[in-house]
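Accompanying notes for the structure given below.
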Amino acid sequence: MMSRRSLLQAAALGTVGTVCQAADPPFALPKLPYPDDALEPYIDAQTMQIHHDKHHQAYVDNLNKALSGEPELAKLGVEELLRRLDTLPAAIRTQVRNQGGGHANHSLFWQALAPASKSGKPGGQLANAISQAFGSQEKLEESLRTAAAGVFGSGWAWLCAGQGGKLSLETTVNQDTPLSAGRQPILGIDVWEHAYYLKYQNRRAEYLAAFFHVVNWSFVSERFAKLSA
Ligand code: MN3
């Protein structure tokens, strides 16, 4: 470790080039785990491109802007910020709720999708929990579709893992997340029109039927197992 004095001397000599380099913003857009067109024909490439590269990027940029004066809070990470939404400074709370919610919700959304050939089935613990809570995978999907179809305006339908590995369904409006209510989402269905309008226009039910062809059940199963451990 250089002393402050020798650091200043080194800087003066031009040997420390990184002293004044601006830090990277705390939040970054995650890469899609598959190509834009991997979910065709169920979710089209153009929708994926705009949804990820434009919409999700905007949530990340706006969250970074909102947290630019709060480096200590930014270090907590987006999920922890959303869990403690009620305790955040009023000046940033709404932006964390909307932009941070958008960032966290979409980060989970991409991971919980996969090309139809790799969609698979719920495994192990999750398969058991589904038959206990819903009777069958078909009934779970039907309940999720019904919940998602019933969201008025923009929002999400969620499958959540609760205490003792219990499953529950819920819906949220805008970019609200179950995290802020102390629950842990393992699969989310985005029912904002930007998620489906190019291909399905007003036919949300068709999008919802297509959605279940491209769920990454091995990801959702692993997430559930980790959270229930
Ligand atoms: Mn979206």
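Counting starts at 1 for both ligands and their atoms, following the listed order.
With 2.8 Å as the limit, H194 counts as an N, O or S neighbour of the Mn ion (ligand 1). Not a single N/O/S atom of H56, whether from backbone or side chain, sits less than 2.8 Å from the Mn ion (ligand 1).
In summary, the aromatic rings of H52 and H106 are positioned with their centroids too far apart to meet the 6.0 Å limit. Between Y59 and H103, the distance from one ring center to the other does not fall under 6.0 angstrom.
Nearest N, O or S atom of H106 to the Mn ion (ligand 1): atom NE2. The minimum distance between the Mn ion (ligand 1) and any N, O or S atom of D190 involves atom OD2.
Legend: side-chain hydrogen bond (donor to acceptor under 3.5 Å, both in side chains) pairs involving residues 115-137, not counting sequence neighbours, sorted by first then second residue: Q137-E141.
Proximity of F224 to L167: side-chain heavy atoms (C-beta onward) are separated by under 4.5 Å at one or more points.
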